[in-house]
Amino acid sequence: MKINREILTTAGILIIIAVTPLIFHENSYTMHLLIMSMIWAVAATAWDLLLGYGGIFNLAQVGFFAIGAYATGMASIHLGISPWMGLLLGAVASGLAGVLIGLPCLRLKGIYVALMTLAFFEVIGPLIVVGINLGTGGKAGLFPIPPFRLGSYVFNTDELLPWYYLCLILLAICLFITYKLIHSMLGLSFTALRDSEPFAQSLGINRFKSALVVTAIAAAMTGLIGAFYAHYVVVISPRMLGLDMFLFLLIMIIFGGAARFPGPVIGAFVITFLDDMLRPLDSYRLLAFGALMVIMIMLLPNGLMGLVAKINIPLFGKRDTEAEMLNPDIPKTY
Amino acid sequence: MLDVSNLNTFYGQFQALHDLSLTVEDGQMVALFGPNGHGKSTLLKTICGLIEASSGSIKWNNTELAGLSSEKIVQMGVIYIAEDRHLFPEMTVMQNLKMGAFNLSARSSEAETLAYVLDIFPKLKILRNKPASTLSGGEARMLAIGRGIMSKPKFLAIDEPSIGLSPKLREEVFLKINEIRQSGVSILLVEQSSEEVAEMADYLYLMEDGHIVFKGHTNDALKDENIKKIFLGTG
Amino acid sequence: MILELKNVTKTFGKFAAVSDLNFSVNEGEIFGIAGPNGAGKTTLFNIISGFYRATGNIVFDNRKISHLGPDKINILGIARTFQIPLLFDSMTIYQNILVGSHFGGQGKSEVENRINEALSFFGLQELRAAAVANLKLLDKKLTMAAAAFATRPKLLLLDEPVAGLNPVEAELFVGLVKKLNREHGVTIIMIEHLMNILTEMSDRMMILNNGQKLIVGSPETVINDPETIECYLGNSHA
Amino acid sequence: MSLNDLIEILISGITIGLVYFLIAVGFSLIYGVSRVLHLSYGSFFTWGAYLAWIFAVKLNFNYFWVFVLVCPILYIMGMALERFVVRPLRKRDNFDFNVLLAGLGVALFLDYAAQAFFGARTKSLPSLLDGTIQIHDFVFSYQQLTMLAAAVVIAFALWFFLEKTRQGLALGAVAQDPVGARIVGVSLNKVYLLTFGISTILAGSAGILLAPRFFISPLGGWKFLIKALIIVVAGGLGSIRGTLYSAFLLGILEALVGWLFGLLWVMPFWFLALLLILLIKPHGLLGSTADH
């Protein structure tokens, strides 16, 4: 792997997260915010994989998050399966849901994908409510979702460090997968489709196949972190499908920079803490976020990472060309 | 009079027009020939404001057109008739013609112009309630020209009017264009190559790769064996 | 026979861009197509390469391909170029060819070899790391052809390959096309506007007019055909 | 199910369908003319209702004056959105993506602005008209009838505008062939402004018509945006006739499902119906296959 700006930034972020508890582990509220930031970081990165890199307007990502959470929640409450298996189950269930929604949607043009997936997202909530007989818990939700166990140790709310590092491991895994994917031939196929779809097709690229694979992977990652979230917060309900989470994830992506890996991770941390700081503003807080979102799109379309890419930092070597930034690993034989 | 001087037009990085100059005097018909993809349509679209010029000037009766919006240019009577027609497929023939008179300077005399158009293209009268999408190639071409006349042109930029037409229809279209020119409209007509047009035109330009490579009176061009060979495919 | 079209028709609304076309292309030949603007030449390429769905039957290499999409058709062995260069503008030349080599070819093992072969065949080694957005027209056209070549096509469709090139460049390109045909056995169908180039290169030619086939035959028969002259070369020639 | 039930379901379905048509057609119009997927559309539905609440409840105007006063405000709001958010984005890459996200941002802003000004509690509007009327075995409220009448009037006005006026034809021209429209001297920017203005009036007036039935809440517009989306996609993006058909179809489906299983099942059924339609006709009922 060639060392580049993306890897350096990502490694830097992960190291900072890893050492932060040295300072803050006494402050459980800050620890909680950091864990939530990591959760949103995974969800935002997975979504950006679709929106930013794939050009697939999938608006159902929050739905996949909920599917992951409900899969493990229902299985561990009703069937008593281990939460560790639940993580896997959440990923698989969401991945499958991604394929199922992708099969009819992804053959359609981009704009139809947006509309269909948004409609699908809006239907999941009502489905959970009407599916109360299947053990979804209906409107009230599921409670209590059992915690992880490691030997005789039970994860608990008094000690957040184990949650923290488990979440960090999941974050690192997802970032690794995302990085590899962006720089794989699959990633290249999306760049090709975006640059010139007819030329790409004439060279053997199948948009549908590429889109389906990346949709499944992004859904699985989102489901995985959704499952972790369910065990971490103990109670889940259809309220998690609300508009605020949907929009917050998008703001994170825009703020960090769409298709500017690992921008959405940075966005997740900044927005989560900003949101907490603005809490005294009450309902004006969301109003401010709406305005922030529009202003970011208008004035800073490439987000924070777009700004970073414009700055020459001697440590990072010379500025990457656009071609290298998109796929630095591929031209192995330069 | 239309006076284009030192015009440059780009598509992104690709330069389609190089330092191009061309003049059409009042009442003249000027023909512009050249192979496919060498910038002829780009020139017409730049004149009519559909594409932005990077530099250079386009003077129409001493008013600078470069930089003006297409609707202002249309209002001044500089009208484009597209090779790919750009009719409104779901509108009827009549609605398409009515849309031709959209600009304010054409609106007041809409009824007279309509009568004139239906007079030179009687077929359109029969087809008036049919959607444009159902017309045949020749009919659609007539409608495109008719719609152009509805805009009250003082100057017409006509892009490959013969494309996709049978020889008989082609001749008919050229006759109609000649008729329009006789009513006092200046015309800049683009074709790949056509001896019929060359004979009709007062002046001839040949274009290659975004450059004007020949200009002169039709007679001079037709005498030049080399030009005939390269651009008229004959000789 | 490597490609055969039977009763192929493509209409847009009421307008028949290609109507009831029948012809076949022999393996290993260079097959030229000419005709006036709007005759349906590019439409025909779009049909063969799977971008448009037409009625009728197209058989390539003993397989019916008329129902397949462009990516499948490419993998079966038909590659093409476009009249106005379409390239992946945010990539290097190397990456453009890599896309063809990886996705288009059968078998992923020889990807690297095929890229190198394409680069050297089209004389692009030195430019391999250059971003394609700023290339001159010739290099763009070469890159497009190289990417198509890297898919290991049996049949290559070239849409006005020398349009916009100066005579020296055109000659270079024409030479490469001939070499491709002779040394690599690639069958070639080529749309070209300049008659002298087409007659010189083609084993057989076809003239299209108004979406219909006027004549197919050797270059000599075609350019001496009175109907061709009437419709395409201009009537003063007669 | 008796025949009377069936007729009742049909009547209620057609009424709902007509109002849904008003909501959906504005959305469809914006997409058809300017290719913008307008995700803040639902918020204008909400704002229409809130503005009406100010005039009708706070200031005690009657409904006629409410419409006269609210429509221009909505028109200006729509034009402002086009001018200051959409148009600057049009000049940049990734217009589709950016305008989608910007729309969500505007929606968030408008919805929570409504919450900040009007509070999170729902508000209600008085009926358009009080009382009921009996025809044969069926009882209709005047509210329902006036709603129907108002919807018919608005739909007819829209038809007249689009088919019979020059400005309306210009909208159609831009939708069918933007280059063609420029060739005849139509200013795209002016048409975009007009379209956003008119569509916003349509969303807002649908909000006013439905408010007496559904209550007004800051996030209430989303439900209707999603419904508009499904209707428009099922009918064929940009096709007004398709939107009309699917609005009635889905309106009747809603009445039927509501009667049989309860209103909670409506959205899942709508989604199923949408999937089914798209499986058979990938571009919706009347969507053109040439859609770009």
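By convention in this document, chain letters (A, B, ...) are assigned in the order of the sequence lines, proteins followed by strands, and residues within each chain are numbered from 1.
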Looking only at heavy atoms, what is the nearest atom pair of [X] and [Y], with distance?
X	Y	answer
L100(D)	A114(A)	CD1-CB, 4.5 Å
M298(A)	R92(D)	O-NH1, 2.9 Å
V123(A)	P268(D)	CG1-CA, 4.0 Å
L287(A)	A116(D)	CD1-CB, 4.2 Å

[X] versus chain D, the contacting section by heavy-atom distance below 4.5 Å:
X	result
L103(A)	neither
I295(A)	neither
M296(A)	neither
A288(A)	neither
F57(A)	side chain
I254(A)	side chain
I297(A)	both
L51(A)	both

More than 12 heavy atoms from other groups under 6.0 Å of [atom1] on [X]:
X	atom1	answer
F109(D)	CZ	no
R107(A)	CZ	no
F95(D)	CZ	yes
R279(A)	CZ	yes

Test log, rule side chain to side chain contact (heavy atoms under 4.5 Å, CB included), inputs F261(D) and V130(A): CA-CA 10 Å; F261(D) 311 107; V130(A) 298; over 6 Å; no
[X] side, atom [atom1]; [Y] side, atom [atom2] - distance, nearest 0.5 Å:
X	Y	atom1	atom2	answer
L108(D)	L292(A)	CG	CG	10.0 Å
Y112(D)	L281(A)	OH	CG	14.5 Å
K227(D)	E122(A)	NZ	CD	11.5 Å
F97(D)	I56(A)	CZ	CD1	12.0 Å

Is chain A contacted by the side chain of [X], its backbone, both, or neither, given a heavy-atom distance below 4.5 Å?
X	answer
L101(D)	both
L89(D)	side chain
F84(D)	backbone
W270(D)	neither
L274(D)	side chain

Selection from V232(D), L229(D), I226(D) maximising heavy-atom pairs under 4.5 Å formed with chain A: I226(D)
Test log, rule side chain to side chain contact (heavy atoms under 4.5 Å, CB included), inputs L39(D) and L118(A): CA-CA 10 Å; L39(D) 292 186; L118(A) 188 59; 4.1 Å; yes
Whether F271(D) and F120(A) hold their rings parallel, tilted or perpendicular, with breakpoints at 30° and 60°: tilted
L104(D) vs F246(A) side-chain heavy atoms within contact, under 4.5 Å: yes
Side chains of M116(A) and L275(D) in contact at under 4.5 Å (non-hydrogen atoms): yes
